[in-house]
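Here's the structure, in structure tokens; my notes come after.
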Amino acid sequence: MQIKSSGITDVGLKREGNEDAFSVEDALGLYIVADGMGGHLAGEIASRIAVEVINKAFHKWSAQGVGEREIFGAPDTSLSLKGNYILGGIRLANRIIYELALEKKDFHGMGTTMAILLVTPSLVIAANVGDSRIYLVRDGEIERLSRDHSVVAEQVELGMMTEEEAESSPLRHVLTRNLGSSEDVVPDIFEIEPNNDDRFILCSDGLTDLMSDDELLNMSEEEPEPGRLCRRLVDEVLDRGAHDNTTVISVSLSDIVNSRGGFFQRLGYMLGDALFSIQKRARKIIR
Amino acid sequence: MEEIMARLVLMFNKQVVKEYPLMKDSITIGRNEENTIQINNLAVSGFHARIDAAGSDYILTDLQSTNGTFVNDKRVVSQKLSHGDNVIIGKHVILFIGTGKEAEGKQASVKSDLDKTMMLDTAKQKELLSKQKESTQVADTSTKIGVISFIEGAELGEIELKKKLTKLGKADTSEIRLTGLFMPATAATISRRPSGYVITTMGGKLKVNGEVVKESIALKDFDTIEIGKVKFQFYQRETTEKLS
């Protein structure tokens, strides 16, 4: 499997500091975007802690081959072992930020969103908390692999609000989940099989506030090289006023072996089908 | 300037019934006695509406009440409360008195606050949301689990798709093991995604409702799926088990 990736963060035009943090670790196949919140630099600290903790925890657990039950908190049986590492990392980072926020007055109210992508040759894991997103671009289509945890997104899911109403709602930045505001956090985690030429985009809401899913799809189709795609997306956001910090990571996959069968495998199926129908007919004749 | 605590004034027939200072991060209004503000009137739902603190603002959310929640005669789903707003629930009116800052009329600064991402600071929220879901029986939000039911080619009966990613094939590591002379190690996978269940071919000959699928396709209830000579049907059912 070949991975190409790139990530950029930009403070934007209206904010003084950058509360976003990200990491790109091709060796681990681990990509993270975090969008912090809270005054007095607390937001910047929260997002950086989250990225650090998850990177370190994941690295350590996978290097030692730690079992499901030795990770932080009860394992989720619907997930793979790697999925449980990600879940454990998120829980751990949440607890650390939560405790820090309780301890220091300056840190009170600090928190962060989180979008995590793990890529392995046999499995892709997407996990998120809050409104930072993960997109999959495959076969000319774009799909969200994350679920926004915001008041408006929940109302859209309940059918109480349309997507259009949500985009213009004054409540669109009010989150229902983040890391740091309560003792425990429940992320959304999805697992899929990777395909050749799969492309992923992770981003903070600085991007998605100003760009629709379709625009994202068009730009990523026009610009296959991850570094240039990130640059173009951020430049576009800056052109549109960049009221918030913006972070984008682009990951593209190629040369995945063992995905769909090659010529000989297909030939095998054809022979198999032919054999089967001959058998069937033969049975009928015998009867 | 002294900061005044925001408060709610419950009124009926233009008479003040009671005043409630907004001391907690989250309060609820409804007929049930567990509510912070209980209104014993049949026009009011068990858990009718909720007000949450978000930064220096207060946000009113209708909990899918039968008769709706109104702010100044306009029906709302969710709205930021402004100083002097009348929240109408049944025949009761709740007057919102904002904090000192907002009562001063500094609406502009309050508005720009909302442009920032913030967290709904309430611990009770989840608990209430789950209560809300129970009481309103919204079918599409209750936990559903995908099930595949075998029709031909394998005697596996019904299998619940408990994993986020289910592999179907000959390999020992497959969640659902299928046999057959030309069955690949992994023939197909079914993944649970934000949009629902999706089946992807991994080398097996996959048909959904008779049509060949070359990549992946979203599954709908009662789709018929064929992998080689194995045939099964997909549907979703309510589950009592908690899916994360």
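The sequence lines fix the lettering, A, B, ..., with proteins before strands; numbering per chain opens at 1. What's counted below: heavy atoms across the whole structure, side chains too, no hydrogens, waters or symmetry copies.
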Taking C-beta and beyond as the side chain, do B:P194 and A:F190 meet within less than 4.5 Å on heavy atoms?
yes

Is it the backbone or the side chain of B:S195 that comes under 4.5 Å from a heavy atom of chain A, or both, or neither?
side chain

Can you tell me how far apart CD1 (A:I189) and NZ (B:K164) are? Round to the nearest 0.5 Å.
6.0 Å

Which portion of B:T61 sits near chain A, non-hydrogen atoms under 4.5 angstrom
side chain

Any side-chain heavy-atom pair of B:S78 and A:V151 under 4.5 Å:
yes

Most chain B-contacting option - heavy-atom pairs closer than 4.5 Å, from A:H149, A:E165, A:Q155, A:E19:
A:Q155

Okay, A:S146 and chain B: the region with an atom under 4.5 Å from a heavy atom over there is backbone

Can you say whether A:I134 sits under 4.5 Å from chain B via the side chain, the backbone, both, or neither, judging by heavy atoms?
neither

When rounded to the nearest 0.5 Å, the distance separating CD1 of A:I192 from OG of B:S216 is 8.5 Å

Side chain to side chain contact (heavy atoms under 4.5 Å, CB included) filter on A:S80, not counting sequence neighbours, yields A:K82, A:L123, A:I125, A:E191

List the residues meeting side chain to side chain contact (heavy atoms under 4.5 Å, CB included) with A:L210, not counting sequence neighbours, and say none if there are none.
A:V237, A:R240, A:H243

How long is the span from the CG atom in A:D76 to the NZ atom in B:K163, to the nearest 0.5 Å?
8.5 Å

Examine whether an atom of A:E193 lies under 4.5 Å from a heavy atom of chain B, and if so say whether it belongs to the side chain, the backbone or both; otherwise answer neither.
both

Under a 4.5 Å heavy-atom cut-off, does chain A meet the side chain of B:Q79, its backbone, both or neither?
backbone

So which part of A:E183 gets closer than 4.5 Å to some heavy atom of chain B, the side chain, the backbone, both or neither?
neither

Side-chain touch A:T77/B:K162, heavy atoms, less than 4.5 angstrom:
no

